[in-house]
Amino acid sequence: MDIRQKSAVDAIVIGAGIAGIYALHKLRNELKLEVRGFEKGAGVGGTWFWNRYPGARSDTESYVYRYSFDPETFEGWPWTQKYASQEQMLAYLNAVVDRHGLRPSIQFDTRVTAATFDEQRGVWSVQTSDGAVVEARYLIASVGVLSKLNAPAIAGIDRFEGRQVHTGAWPHDLSLEGKKVGVIGTGSTGVQFIPAAAAVASRLTVFQRSAQYCVPAGSDQVPAEFIQDYRANFDGYWDRLRQTRIACGFAEAAIPAMSVSAEERHRVFEEHWQAGNGFRFMFGTFCDIAIDPAANEAACDFIRGKIAGIVKDPATAARLSPTQAYAKRPVCADGYYETFNRPNVALVDLKANPIVEATARGVRTADGREHELDVLVYATGFECVEGSYREMAIRGRDGALLVDHWGSRPCSYLGISVHGFPNLFMVLGPNSVFSNLAPAIETQVDWIAHLIDRSEQLGQVVIDTDSAAEQDWTGQCEQMAAYTLFPQVKSWIFGANIDGRPNRVLFFFGGLAAYRERLAEIAANGYAGYAFAPAEATILA
Ligand code: FAD
Ligand code: NA7
């Protein structure tokens with residue numbers, strides 16, 4: 001029988017991005033469970049299915065932004081560029097899915113709307129947008145940290161006769177060739193989109209709320225010798241990567257910025273500026289850019305100097321120069337600041353001159369000017385981490401709603417489990433590791449599969465996590481975040497990109513190596529914080 005017709009299976013996987021694909025493979029092909037996948041999109045790929053905007057690409061280097069579990073697909077993969085484009089990422093993920101025969105297990109165009117835990121039977125009852133109800137013992141939520149779109153409310157937007165698009169739901173049929181384009185947002189997406197759009201649009205108006213510290217990406221060909229060495233020593237590369245914090249493949253700095261002379265600091269910054277990559281600039285130059293205010297200000301000063309040197313119009317350069325700490329997720333793009341020297345590009349500073357309303361022909365700013373647009377692009381990001389959970393009614397013990405359990409402080413044990421929601425496993429749930437996300441996802445899915453395997457060995461018991469473990473983990477994440485400069489700035493990594501939302505801690509800043517060590521300790525310590533027991537017997541304090 002087609003697995004997609006079964007109303008009871010061992011496990012359900014929600015989402016078919018990097019995480020969902022791997023979870024399906026792990027549970028179905030390795031643990032030999034019956035697994036049904038649901039994906040609201042029409043195909044696999046998640047982020048790389050949805051984000052088709054011009055310029056879209058990973059900004060983690062290609063050789064570490066993929067699966068380590070599947071050297072074979074990569075073996076024959078045509079690979080020349082340092083960063084994979086959206087098309088290449090999507091093609092790669094589709095190839096993995098087909099190579100492992102996963103497609104028949106996934107039901108596309110189907111959204112999971114609700115999931116309720118039956119305490120007596122230890123079973124999740126999952127409802128989908130097509131009205132079906134499917135039961136499973138294990139529920140894996142791989143719904144993405146950057147999956148629920150965020151867009152500003154613009155007064156009178158219904159009047160606008162042009163086209164509106166979000167970069168995270170880019171339509172297949174839209175070309176910007178020769179069009180008057182407006183873009184709101186200058187985050188990771190905006191800085192990729194802006195140079196690409198400026199090259200084809202007749203006019204590009206950039207509506208900037210916050211100026212951005214953007215370093216070059218250093219997009220380039222990968223040297224053939226490196227590719228050869230990597231293919232020959234695949235496992236060694238990944239083993240070393242898992243011993244690092246940010247897991248982006250570059251050497252992480254061990255020297256504090258202020259321990260060297262000003263000349264040496266400048267030399268190191270310049271070397272990394274030339275090499276490119278945002279994470280490398282933040283974590284490969286000096287070890288304390290994200291911790292020590294003086295080190296951070298030195299990096300800011302260097303980047304501001306670059307902006308002043310690149311952007312010809314001093315007023316534009318000033319508007320592009322951030323004043324706050326360099327403490328958002330670091331971004332990179334080639335030719336970002338240079339784009340503002342083009343005659344067809346204009347910059348609007350929304351803090352000084354906000355959009356007040358939409359008109360039939362465009363948008364009007366507070367200075368009274370109407371900006372004529374054929375297309376208005378929202379590069380305004382996502383309701384991150386918790387956003388996709390807010391779109392599903394997930395009910396655990398006593399009918400408690402997950403989002404109520406979280407309130408304004410999303411908590412978890414290890415970013416994976418939540419007290420009172422047994423056998424629910426999140427991939428990249430609140431307080432997962434802040435790093436290159438591909439190896440973080442593999443780490444979590446391996447752990448989830450390990451727990452499920454153990455439950456199966458113990459006689460298909462229910463796995464719950466205790467409240468103390470959840471609170472302890474969440475508290476540790478908060479303490480670690482407070483040690484860094486990240487909470488000083490409002491950004492998506494603290495959920496504060498959404499208007500009116502305060503900062504809340506959503507990531508573990510201890511790094512991938514420490515996170516993996518913690519998992520190993522927990523396993524060695526009798527799975528501390530977890531209980532494995534028959535359904536009615538697992539109710540934990
Ligand atoms: P996603 O890829 O977001 O997949 C989640 C899937 O779940 C989606 O397909 C969604 O449709 C589906 N879904 C959600 N809710 C439901 C529901 N209720 N029912 C059914 N299906 C549902 N990270 C890096 O580490 N390096 C990078 O260079 C990088 N670049 C990025 C560039 C962009 C433009 C964006 C947006 C993100 C980038 N990221 C990057 C983060 C990226 O999201 C992760 O690296 C990774 O792709 C996440 O995979 P995932 O499977 O966890 O989630
Ligand atoms: P980000 O990084 O959240 O950036 C969104 C941008 O949109 C950022 O410049 C925001 O300004 C701006 N924004 C958000 N809401 C508004 C409103 N209401 N008005 C004006 N401007 C707004 O999202 P991205 O898609 O760029 O990147 C997300 C992740 O995807 C990224 O880190 C990578 O992992 C890939 P702000 O800075 O908040 O003032």
Side-chain angles (χ1 to χ4, degrees), residues 13-23 37-53 55-62 64-65 83-84 86 89 93 107-115 126 128-129 141-154 166-168 183-193 207-212 246-248 278-279 322 324 328-332 350-351 354-355 378-384 387-389 391-392 394 426-428 432 435-441 444-445 489-493 496-499:
V13 173
I14 316 173
I18 294 178
I21 293 168
Y22 184 45
F38 291 105
E39 166 55 57
K40 70 178 176 190
V44 301
T47 285
W48 304 103
F49 173 86
W50 294 107
N51 290 265
R52 296 167 191 252
Y53 58 86
R57 59 183 57 250
S58 81
D59 63 7
T60 303
E61 289 189 41
S62 178
V64 290
Y65 190 62
Y83 301 104
Q86 175 271 328
M89 280 306 297
L93 292 171
Q107 184 172 325
F108 294 103
D109 296 310
T110 311
R111 201 163 63 79
V112 168
T113 54
V126 172
T128 55
S129 50
S142 36
V143 290
V145 280
L146 298 156
S147 170
K148 163 108 188 280
L149 308 182
N150 170 50
I154 299 176
H166 193 290
T167 50
V183 57
I184 306 178
T186 52
S188 297
T189 298
V191 300
Q192 288 184 341
F193 173 81
F207 297 96
Q208 169 190 278
R209 183 164 75 179
S210 305
Q212 183 69 261
I246 300 300
C248 284
F279 277 98
Q324 60 191 1
K328 295 186 180 182
R329 183 224 190 250
V331 311
C332 61
L350 291 180
K351 281 189 179 145
I355 295 171
Y378 301 112
T380 42
F382 304 84
E383 185 185 349
C384 61
S388 291
Y389 291 92
E391 300 210 298
M392 299 181 285
I394 298 185
M426 303 175 294
V427 190
L428 302 183
S432 294
S435 69
N436 168 16
L437 292 179
I441 286 170
Q444 290 194 323
V445 172
V489 176
K490 289 181 95 181
S491 78
W492 72 262
I493 52 175
N497 58 322
I498 307 290
D499 294 337

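Remember, it's 1-based here, ligands and their atoms both numbered in the order they're listed. Counting from 1, the numbers follow the sequence of the chain as shown. These figures come from a predicted structure and were not determined experimentally.
- Put simply, part of Thr110 is less than 4.0 Å from ligand 1, judged by heavy atoms.
- Under a 4.0 Å heavy-atom criterion, Lys328 is in contact with ligand 2.
- For atom 4 (O) of ligand 2, the closest non-hydrogen atom of the protein is Gly187 CA, 3.5 Å.
- Remark: ligand 1 and Lys40 share an N or O pair separated by less than 3.5 Å (distance only, no angle test).
- Judged by the shortest distance from any of its heavy atoms, Thr47 lies outside the 4.0 Å radius around the atoms of ligand 2.
- Atoms of ligand 1 found under 4.0 Å from any heavy atom of Gly46, numbered from 1 in the order shown, are 1 (P), 2 (O), 4 (O), 8 (C), 9 (O).
- Ligand 1 has a nitrogen or oxygen under 3.5 angstrom from a nitrogen or oxygen of Glu39.
- Remark: ligand 1 atoms within the under-4.0 Å shell around heavy atoms of Asn436 are 25 (O).
- Scanning the protein heavy atoms around atom 3 (O) of ligand 2, the nearest turns out to be Trp492 CD1, 3.6 Å.
- With a heavy-atom cut-off of 4.0 Å, Leu146 touches ligand 2 through its side chain alone.
- Protein heavy atom closest to atom 35 (C) of ligand 2, with residue, atom name and distance, is Ser188 CB, 4.0 Å.
- For Gln86 and Tyr53, the side-chain atoms include no donor-acceptor pair closer than 3.5 Å.
- Not a single N or O atom of Phe382, backbone or side chain, sits closer than 3.5 Å to an N or O atom of ligand 1.
- Atom numbering of ligand 1 starts at 1 in the shown order; those under 4.0 Å from a heavy atom of Ser142 are 5 (C), 6 (C), 7 (O).
- Contact annotation: for Asp59 versus ligand 2, there are no heavy atoms closer than 4.0 Å.
- Near Thr47, meaning under 4.0 Å from any of its heavy atoms, are these atoms of ligand 1: 1 (P), 2 (O), 3 (O), 33 (C), 35 (C), 36 (C), 37 (C), 42 (C), 43 (O), 47 (O).
- Closest protein heavy atom to atom 38 (O) of ligand 2: Arg209 NH2, 2.9 Å.
- At a heavy-atom cutoff of 4.0 Å, ligand 1 is contacted by both the backbone and the side chain of Ile18.
- Heavy-atom distances between Trp50 and ligand 1 reach below 4.0 Å in at least one pair.
- Among Gly278, Gly381, Ser210, the residue whose heavy atom sits closest to atom 39 (O) of ligand 2 is Ser210.
- For the pair Asp59 and ligand 1, a heavy-atom separation below 4.0 Å is found.
- For atom 12 (C) of ligand 2, the closest heavy atom belonging to the protein is Gly185 CA, 3.8 Å.
- The main-chain N or O of Arg111 is never found under 3.5 Å from a side-chain atom of Thr128 such that the two would form a donor-acceptor pair.
- Below 4.0 Å from some heavy atom of Trp48 lie the following atoms of ligand 1, by number and element: 30 (N), 31 (C), 32 (C), 47 (O).
- Distances shorter than 4.0 angstrom occur between a heavy atom of Met392 and an atom of ligand 1.
- Between atom 50 (P) of ligand 1 and the options Ala247, Ala84, Gly45, Ala19, the minimum heavy-atom separation is to Ala19.
- Numbered from 1 in the order shown, with element, the atoms of ligand 1 that lie under 4.0 Å from a heavy atom of Arg111 read 17 (C), 18 (N), 19 (N), 20 (C).
- Heavy-atom separations between Phe382 and ligand 2 include at least one value shorter than 4.0 Å.
- Contact atoms of ligand 1 toward Leu428: 52 (O) (distance under 4.0 Å to a heavy atom of the residue).
- Atom 34 (O) of ligand 2 has as its closest protein heavy atom Arg329 NE, 3.1 Å.
- A donor-acceptor pair is defined here as one N or O able to donate and one able to accept, closer than 3.5 Å; such a pair exists between the side chain of Asn497 and the backbone of Phe382.
- Val145 does not count as a contact of ligand 1, since none of its heavy atoms falls under 4.0 Å from the ligand.
- Residue contacts with ligand 2, taken as heavy atom pairs separated by less than 4.0 Å, do not involve Thr167 at all.
- The residue from Thr60, Ile21, Ile14, Val143 that puts a heavy atom closest to atom 27 (C) of ligand 1 is Thr60.
- The proximity of Asp499 to ligand 2, defined as any non-hydrogen pair under 4.0 Å, is limited to the side chain.
- Ranking protein heavy atoms by distance to atom 24 (P) of ligand 2, first place goes to Thr189 OG1, 3.3 Å.
- At least one N or O atom of Ala379, backbone or side chain, sits closer than 3.5 Å to an N or O atom of ligand 2.
- A distance-only check finds no donor-acceptor pair linking the side chain of Asp59 to the backbone of Val331 [under 3.5 Å].
- Polar contact check, Ala438 against ligand 1: no nitrogen or oxygen pair lies under 3.5 Å apart.
- The shortest N or O to N or O distance between Val112 and ligand 1 is under 3.5 Å.
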Carefully, step by step, assess Lys40 and Trp50 under the rule side-chain contact (heavy atoms from CB on, under 4.5 Å).
CA-CA 11 Å; Lys40 70 178 176 190; Trp50 294 107; 4.2 Å; yes

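- For Tyr65, the closest heavy-atom approach to ligand 1 falls below 4.0 Å.
- Note: Tyr378 and His166 have tilted aromatic rings, judged against thresholds of 30 and 60 degrees for the angle between ring planes.
- Looking only at heavy atoms of the protein, atom 9 (O) of ligand 2 is closest to Thr186 N, 2.8 Å.
- A side-chain donor from one of Thr110 and Gln107 sits under 3.5 Å from a side-chain acceptor of the other.
- Every atom of ligand 1 is numbered from 1 in the order shown, and the set under 4.0 Å from a heavy atom of Ser58 is 28 (O).
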